[in-house]
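Structure record follows, encoded as structure tokens.
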Amino acid sequence: MLRSFYIATTGLEGSREWLDITANNVANANTIGFKKSKPVFQDIVLQNLMQYHSTTGSVVTTVYGGGSIVGYTLRDFSMGPFKTTGVSTDIAIEGDGFLILEDNLGARLYSRDGQLKISSGMLNGKEVMYLLHSSGLKVLGLSYSTNKLEPITINSLLEPKATTTIYTQEGSNLDPRGEVPTQDFDPTDAQTFNIAYTVRVFTTDGQAQDVSIYMKKLNPKIYDSDGKHYYTFVATDDKGNNYFVYLNPNDNSYYLTQLGNTLTGSLPDNAVQIAKDVDYGGNKYDIYWYLDNNNQPHIIAKDQNGTLYDVVMDTTNKLTIYQTIEAAAVDDYWESFILLKSGDNQVYDIIDTANSKVINNPTGGVDKEGQYNYAILKFKDGKILSEYNKIALALEKLPENLKEKLRLQKVNLEGLTQYPVDFSLGYHQDGYNAGRFVSLSIGENGVVTALYSNGVSKDIARLQLAYFKDKQVLAPKGENLYATFSTIQPIIENAGVASKIRSGTLELSNVDIAQEMINMITAEKAYQANAKVIQTGQTIMDTTINLKR
């Protein structure tokens, strides 16, 4: 009879433990990333008697139970609901992963709590920022600088980076319908170029310099015996006859060109027609322009029989009768000028003529417009050709103090187009000045990006998450932390693969208050029932004792 007391006592103890677990769940209903627990009850067996009945030949088993115990608690790692906070350092893990944290002794712990913060610190005598968990432990990620899993460290000061390359922005376009300038390039005269854009570049010490890039639609030039060039035009008289002419700035008059030597061979494949049915001595010729293999320009005429001739100057035959006159143009070709303006307002031509020269005819010198060199650009089907899409830069002409600090190498024109739409020109570059840390963002793929006061955003590291085949090996350590045995190694994987990161969001507790209320009622009723067993047993004992009276 006394056995029932002890059995009922185990029931009281189990119900009390269940109530403790339920109370802990309810108390953590607002704890970020908390995972609820439940008790696992197991029965107790005191005796298991087996008896043989000779009459029936069967074996009868009699089991005397000893009540129940809470064998262990089972943690429910199902995902809790998400709450938007708008705080960039708040994150929620959409998946089964755990943040990897590290204490000051190098021990690793794990958490689903995404309440992160930024704290200042020192590393190798340098001021840095650390990404910390709400517990104060450092958050680990795959560093982009060392390619190791280590505490995410952010430089408080971003050191300057010297510009090496200027890039064309997507959508930049040169309009082939643009006017054809017929004067030598002058950066102070907008009539001598079609469009310009100035991009700010940086030196090794973070000082800014301006580089201006000018684009000018190509007009083919005629050269005299001294190597001087003259711009060309197509004139039409009142009878509809075409003439290929040039402007002599000495008297501001137009002069006829004439045929020179007869050329052998055929018209080059890269020749571009610039005039049609031009009159020479009563015969009709088509006029072409091309660059030879030595990057030297040529203007040639082709008669109706296919014979080719040099087109040369005629300094005596002034054009007197014409109805209209238009600048000649070479389709798909442009000239590019690149100038650097230093801090002392000096302007320097920085095109590397060894890579970008156009040799004039007949002297063989590098062609210039005024004092400025230019590089030829060529397009086909609206896109710049690969052999023309990079302009090398030379810094030899710069003052020594500036040349030592600049790292400019080239202008990359990949993506520049020539379609009949409005002009649009833009460039960006790969350098920046010094900047102070301003804010942090964490992407869906776990990439941690620091934003600095100079407008530069820099990817610092990528969060890595830990995965456990059996999450029950995780032991809670308080402060929303879990630990595990050193012999149990989790699977570590980049965030954004199996689990996505939701920035500005937190995962709430997965405690269901309604369910916990039901559990509380059930534990209470079980406790009351076990107490009744003890009361009933005592009543029976009292009745037995009273039999003697």
Side-chain angles (χ1 to χ4, degrees), residues 32-33 85-94 97-163 202 204-206 428-466 479-481 492-497 499-507:
I32 299 301
T85 66
V87 179
S88 62
T89 53
D90 284 346
I91 63 171
I93 302 172
E94 188 176 346
F98 289 78
L99 290 173
I100 307 173
L101 313 173
E102 185 177 87
D103 64 17
N104 293 330
L105 299 178
R108 290 184 180 178
L109 294 98
Y110 309 92
S111 180
R112 292 282 299 184
D113 176 11
Q115 297 178 101
L116 308 183
K117 59 184 178 180
I118 300 170
S119 180
S120 60
M122 299 295 292
L123 179 64
N124 299 327
K126 183 179 179 181
E127 181 184 355
V128 296
M129 313 288 286
Y130 288 107
L131 186 62
L132 303 182
H133 182 256
S134 60
S135 63
L137 299 184
K138 295 175 181 176
V139 181
L140 301 190
L142 185 65
S143 171
Y144 284 151
S145 59
T146 65
N147 200 34
K148 295 180 180 179
L149 182 62
E150 60 188 24
I152 295 177
T153 307
I154 308 156
N155 290 328
S156 301
L157 177 66
L158 184 64
E159 296 180 354
K161 177 186 176 184
T163 302
F202 297 94
T204 54
D205 59 355
H428 60 90
Q429 47 82 43
D430 58 0
Y432 44 79
N433 59 350
R436 281 282 179 185
F437 174 77
V438 175
S439 62
L440 192 77
S441 67
I442 303 175
E444 187 179 83
N445 59 357
V447 174
V448 179
T449 304
L451 178 65
Y452 291 87
S453 58
N454 55 5
V456 174
S457 58
K458 190 173 182 63
D459 292 341
I460 304 299
R462 185 174 182 180
L463 288 175
Q464 290 203 312
L465 303 178
E479 298 185 283
N480 300 338
L481 302 174
I492 296 177
E493 190 176 71
N494 285 332
V497 180
S499 298
K500 295 181 180 179
I501 300 298
R502 300 301 183 194
S503 183
T505 304
L506 290 175
E507 180 188 3

Item to check | Test side chain to side chain donor-acceptor pair (under 3.5 Å) applied to Glu102 - qualifying residues, sequence neighbours left out | outcome: none

Item to check | Nearest-0.5 Å distance that lies between atom CE in Met129 and atom OG1 in Thr153 | outcome: 11.5 Å

Checklist entry - Are Leu463 and Ile91 side-chain neighbours, meaning at least one heavy-atom pair lies under 4.5 Å? => result yes

Next on the checklist: I want to check something: taking the side chain as every heavy atom from C-beta on, are Arg436 and Tyr452 in contact at a cut-off of under 4.5 Å?
Outcome noted: no

Checklist entry - Closest heavy-atom contact between Ile32 and Gly114? => result CG2-N, 4.4 Å

Checklist entry - Among pairs that include at least one residue of residues 137-160, which meet salt bridge (charged side-chain N to carboxylate O under 4.0 Å, His left out), considering only residues two or more places apart or in two chains? => result none

Checklist entry - Any donor and acceptor pair, going by atom type alone, linking the side chain of Glu479 with main-chain N or O of Leu481 inside 3.5 Å? => result no

Checklist entry - Would you say Leu116 and Ile442 make side-chain contact, with heavy atoms under 4.5 Å? => result yes

Item to check | With sequence neighbours excluded, residues passing ring pair (Phe, Tyr, Trp, His ring centres under 6.0 Å) with Phe437 | outcome: none

Checklist outcome for this item: Closest non-hydrogen contact found for Ala461 with Ile152 is CB-CG1, 4.1 Å

Checklist entry - Taking all non-hydrogen atoms of both residues, which atom of Ser457 and which atom of Thr449 are closest, and how far apart? => result CB-CG2, 3.8 Å

Item to check | Partners passing side-chain contact (heavy atoms from CB on, under 4.5 Å) against Ser88 (at least two apart in sequence or in another chain) | outcome: none

Checklist outcome for this item: Contacts of Asp430 meeting side-chain contact (heavy atoms from CB on, under 4.5 Å) (sequence neighbours excluded), chain-then-number -> Lys161, Thr163, Thr164, Thr165, Tyr167

Please report, to 0.1 Å, the donor-acceptor pairs under 3.5 Å made by any side chain of residues 117-126, with sequence neighbours excluded.
none

Item to check | Closest contact, heavy atoms only, Ala495 versus Gly446 | outcome: CB-CA, 3.9 Å

Checklist entry - For Asn494, what residues pass the side chain to side chain donor-acceptor pair (under 3.5 Å) criterion, not counting sequence neighbours? => result Gln464

Item to check | Side chains of Leu132 and Val139 in contact at under 4.5 Å (non-hydrogen atoms) | outcome: no

Checklist entry - What is the distance from atom CD of Gln115 to atom CG of Leu506, rounded to the nearest 0.5 Å? => result 5.5 Å

Checklist entry - Would Leu451 and Leu440 count as a side chain to side chain contact (heavy atoms under 4.5 Å, CB included) if you check the C-alpha gap in whole Å, the side-chain angles of each, and the deciding distance to 0.1 Å? => result CA-CA 6 Å; Leu451 178 65; Leu440 192 77; over 6 Å; no

Checklist entry - Given side chains that start at C-beta, do those of Pro151 and Leu140 come closer than 4.5 Å, heavy atoms only? => result yes

Checklist entry - Can you check whether Ala162's main-chain N or O pairs, donor with acceptor, with Thr204's side chain at less than 3.5 Å? => result no

Checklist entry - Taking atom CG of Leu109 and atom OG of Ser135, what is their separation to the nearest 0.5 Å? => result 7.5 Å

Next on the checklist: Give me each pair satisfying salt bridge (charged side-chain N to carboxylate O under 4.0 Å, His left out) with a member in residues 442-463, each pair once, sequence neighbours excluded.
Outcome noted: Glu444-Arg502

Checklist outcome for this item: Ser499 meets the side chain to side chain donor-acceptor pair (under 3.5 Å) criterion, sequence neighbours left out, with Tyr467

Item to check | All pairs passing ring-ring contact (aromatic ring centres under 6.0 Å, His included) where residues 107-135 contributes a residue, at least two apart | outcome: Tyr110-Phe468

Checklist entry - Counting N and O atoms only, with roles assigned by atom type, does the side chain of Ser111 sit under 3.5 Å from a partner on the main chain of Asn480, one being a donor and the other an acceptor? => result yes

Item to check | Distance (rounded to the nearest 0.5 Å) between Leu99 CG and Leu465 CG | outcome: 6.5 Å

Item to check | Contacts of type salt bridge (Lys or Arg N to Asp or Glu O under 4.0 Å), residue Asp103, not counting sequence neighbours | outcome: none

Checklist entry - Thr85: what forms a side chain to side chain donor-acceptor pair (under 3.5 Å) with it, not counting sequence neighbours? => result Asp90

